[in-house]
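Below is one structure, written out as structure tokens, with a few remarks after it.
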Protein chains: 2
Amino acid sequence: MPKRPTIADVAQACGLSRATVARALSGKGYVENEKRLLIQKTARKIGYRTSALARALRTQRSASVGVLIADITNPIFPQIVKGIDDVLSAKGHTILLCNTDESPQKQIALASSLIDRHVDGLILVSQSLETPAIRDLLAGGPPCVFVNRRPFETADYVGPDNIQAIDLLVDHLAGIGHTKIGYITGTESSSTSRERLSQFSVALQRHGLAVRPEWVFPGDYTIECGREAVRKMSRLSDRPTAIMAANDFSALGMIEEAQSRGLSVPRDLSVTGFDDVLSFSDQLPRSLSMQGLTTISQPKREIGMAAAAMLLERLAGGRETTLQSVILPVNIKVRDTTAPPPMGQEKPHRTRRKRAAR
Amino acid sequence: MPKRPTIADVAQACGLSRATVARALSGKGYVENEKRLLIQKTARKIGYRTSALARALRTQRSASVGVLIADITNPIFPQIVKGIDDVLSAKGHTILLCNTDESPQKQIALASSLIDRHVDGLILVSQSLETPAIRDLLAGGPPCVFVNRRPFETADYVGPDNIQAIDLLVDHLAGIGHTKIGYITGTESSSTSRERLSQFSVALQRHGLAVRPEWVFPGDYTIECGREAVRKMSRLSDRPTAIMAANDFSALGMIEEAQSRGLSVPRDLSVTGFDDVLSFSDQLPRSLSMQGLTTISQPKREIGMAAAAMLLERLAGGRETTLQSVILPVNIKVRDTTAPPPMGQEKPHRTRRKRAAR
DNA sequence: CTGTTAGCGCATTCAA
DNA sequence: TTGAATGCGCTAACAG
């Protein structure tokens, strides 16, 4: 393994001092033009590559940022990462991407590792931060921006507008006549999940409806929890005519279980999702994609870009900059899994008022 | 921004020398047990974190490996990355993941950046390496393992068994009676794509069939190229009864365009894909997922794990270890898009011989 | 067992 | 404009 050339090697090859070479290569400081050219040429010739390690050690800046994601396998995350990547690489930062697998242990191990590597900043996507250990760690670490889940109020944050999202869904369902609306939650620990649930209640009230606790099914973003919810529901004597799921996977599970029990979606039961995970299907005709799921589509790439931009700002401005919070608007995709409730059971009625655009 | 504590700080707080502290913290070398405990405690107290930067600079090992992927947005890659991550993080390596977006410029920029950061190794997933620049760069860089595409023979490589895959597909189609089989290629520059195409020809011959150049449609892994292929095909007087696509997206494009022209898939035209991108749909009943695509499923996670394991071996053994190549077996998923050819046009016939399992 | 010393490769001050 | 000298934080001899 041939040792890689250093500044000293270039300097020697040129008969100049290391300092001069360093200046020539970094572009900072005065160097006679002719020598600069010579230096650059020989550097290239002998295959010199500047060591980001040594530079970072010296300058205390690594030009890298760490990104923690909860599950690389979930289709919404790559899109967010792409957004982050697009703005960060444009500014010369390298992103170190790590997958925490929703595990607090991995979370702390990876965050430590990134901090040890002197990342200039951290972007935490959908991290729950349940343990105090991780919070202490972050407190002593570089600036960090939270995406999708906000562990505490005083933190830079970017996320979709959950309030608006729930409103859109409830308005849609109530608008086509549903009065008996259920809900499947996400995991307890997710701030996002709590926020959505609480807005669910608010939105229902706006339509003169109340939350029925037995129609709120605990979930965890999996297909299985959707199935389970339908099983539970079918044991009830008074059943909802529509159920909103915390994400698309739960919604798919519901649809499956409902169908296997002879319930037709949306005729007997309307179902909504969240995330629009199968969004590539927009490129295909309806006939080809699976039954179109009525769902909320979040601006994934924009969320990533906003988070990256926020971090850059913080990196430039230091700790003093005031805390920020960017909430991005979402869209509802009304497709095939929602319809008016079964006749004779509910009468369609008009929405009391159209909610103002936000 | 409070400067982060260094070994010197811990040493001072303990009234010991830096060397002793270093030994205590790294666990190497002799340190009196009592002092070791004291050191560890104070280190924790003042929030000391060892600088991976300085250590890497000193030891010339960064305990990190760079992973380049072609498109983080394509569902097959996250799975591969997960496999890589699983074995690498278990060994204490951090993975630096970068997205080249299929762009040669990004590819070279990112590879440079990773090498500059002294990654111990590189895993290149589906990278084309068209430019000599990148090949020179890699030649001077750390050990690297190629996944899915192999730029040259003398390289560590992990990938799916393309030969077997094509055989499975052709055997399946020929087995149900097709004699007129077409093909949509992937991008020219991909070794994988070339390998598959060449095996396509071999497999056809084995069934006594010949490749018809006008039935080989150039493609680029997109939905659109699938549509285009069907358009071209429909201008032909003598048409294939089955077309194999280089990946699932092209296959979807074909199905769409075929249907919009009033052709029924699979009654009038059989279609196969490659990758099994919608594999999560296996968890759902057929009725819910989109029309089940007959396709090849590769062991994505295993591919990632094998690549990581190979790199680790190379890191341990040095350059001397003999070059390796791991080819992993694939599966065919026969679903709803393939059926015997239209009657009267082709007669079902028996496969000449069953190909031995590989 | 512990401390002293000397770099890893680079950026940066200060003199020349 | 250039060169000599210093140190970022750590590890690895080596000497005590």
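Residue numbers begin at 1 in each chain, while the letters A, B, ... track the order of the sequences.
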Quiz item: Considering heavy-atom distances to DNA chain C, does B:His118 or B:Ser17 have its closest nucleotide positioned more toward the 5' end?
Solution: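 Closest to the 5' end, via its nearest nucleotide, is B:Ser17.
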
Self-check item: Nearest-nucleotide comparison on DNA chain C, the residue closer to the 5′ end among A:Arg58 and B:Leu16
Solution: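 Result of the comparison: B:Leu16.
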
Rounded to whole angstrom units, what separation is found between the [atom1] atom of [X] and the [atom2] atom of [N]?
{"X": "A:Arg117", "N": "D:dC8", "atom1": "CZ", "atom2": "P", "value": "22 Å"}
{"X": "A:Arg18", "N": "D:dG7", "atom1": "CZ", "atom2": "C1'", "value": "12 Å"}
{"X": "B:Arg61", "N": "D:dC10", "atom1": "CZ", "atom2": "C1'", "value": "17 Å"}
{"X": "A:Leu38", "N": "D:dT2", "atom1": "CG", "atom2": "C1'", "value": "15 Å"}
{"X": "A:Ile7", "N": "D:dG3", "atom1": "CD1", "atom2": "C1'", "value": "14 Å"}
{"X": "B:Asp9", "N": "D:dG9", "atom1": "CG", "atom2": "C1'", "value": "10 Å"}
{"X": "A:Tyr30", "N": "D:dG3", "atom1": "OH", "atom2": "P", "value": "17 Å"}
{"X": "B:Arg4", "N": "D:dC8", "atom1": "CZ", "atom2": "P", "value": "14 Å"}

Quiz item: OP1, OP2 of D:dT11 versus side-chain N and O of B:Gln60: anything below 4.0 Å?
Solution: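 For D:dT11, neither OP1 nor OP2 has a side-chain N or O of B:Gln60 closer than 4.0 Å.
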
Quiz prompt | Test side chain to side chain donor-acceptor pair (under 3.5 Å) applied to A:Arg23 - qualifying residues, sequence neighbours left out | solution =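 Side chain to side chain donor-acceptor pair (under 3.5 Å) list for A:Arg23, sorted by chain: empty.
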
Quiz item: Which residues pass the ring pair (Phe, Tyr, Trp, His ring centres under 6.0 Å) test with A:Tyr157, sequence neighbours left out?
Solution: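 Counting only residues at least two positions away or on another chain, A:Tyr157 forms no ring pair (Phe, Tyr, Trp, His ring centres under 6.0 Å).
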
Quiz item: Quick one: which of A:Asn148, A:Asp85, A:Val67 gives a side chain to side chain contact (heavy atoms under 4.5 Å, CB included) with A:Ile80?
Solution: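 Result for side chain to side chain contact (heavy atoms under 4.5 Å, CB included) with A:Ile80: A:Asn148.
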
Quiz item: What residues, two or more places apart in sequence or in another chain, satisfy salt bridge (Lys or Arg N to Asp or Glu O under 4.0 Å) together with A:Glu102?
Solution: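 Partners of A:Glu102 by the salt bridge (Lys or Arg N to Asp or Glu O under 4.0 Å) criterion, ordered by chain and then number, come out as A:Arg149.
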
Practice problem: Under the side-chain hydrogen bond (donor to acceptor under 3.5 Å, both in side chains) rule, what do A:Ser64 and A:Arg117 come out as? Steps first, then yes or no, please. | Solution: CA-CA 9 Å; A:Ser64 67; A:Arg117 278 171 207 284; over 6 Å; no

Exercise. Not counting sequence neighbours, list each pair that qualifies as a side chain to side chain donor-acceptor pair (under 3.5 Å) and has a residue in residues 131-140 of chain B.
Key: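 Not a single pair qualifies under side chain to side chain donor-acceptor pair (under 3.5 Å).
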
Self-check item: A:Asp116 bridged to B:Arg55 by N-O distance under 4.0 Å
Solution: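 Answer for the salt bridge query: no.
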
Quiz item: Of A:Leu57 and A:Gly29, whose nearest nucleotide on DNA chain D comes first from the 5' end?
Solution: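 Counting from the 5' end, the first nearest nucleotide belongs to A:Gly29.
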
Self-check item: Toward the 5' end of DNA chain D, by each residue's nearest nucleotide, B:Ser51 or A:Lys35
Solution: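 On the 5' side of the pair lies A:Lys35.
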
Exercise. Compute the angle between the rotation axes at the two ends of the helix from C:dC1-D:dG16 to C:dA16-D:dT1, each taken over five pairs, rounded to 10 degrees.
Key: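 End-to-end axis angle for the helix from C:dC1-D:dG16 to C:dA16-D:dT1: 40°, rounded to 10°.
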
Quiz item: Given D:dC10, D:dT2, D:dG7, which nucleotide is nearest the side-chain atoms of B:Thr50?
Solution: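 Among the listed nucleotides, the one closest to the side chain of B:Thr50 is D:dC10.
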
Practice problem: Name the first nucleotide and the last nucleotide along DNA chain C (5' to 3') that come under 4.0 Å of a heavy atom in chain B. | Solution: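 Nucleotide range with atoms under 4.0 Å of chain B: C:dC1 to C:dG9.
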
Quiz item: Is there a donor-acceptor contact under 3.5 Å linking the side chains of A:Ser325 and A:Arg150?
Solution: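 There is such a pair between these side chains.
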
Quiz item: Judged by atom type as modelled, is there a donor-acceptor pair below 3.5 Å linking the side chain of A:Ser128 to the main-chain atoms of A:Glu130?
Solution: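 Here the side-chain-to-backbone pair does not exist.
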
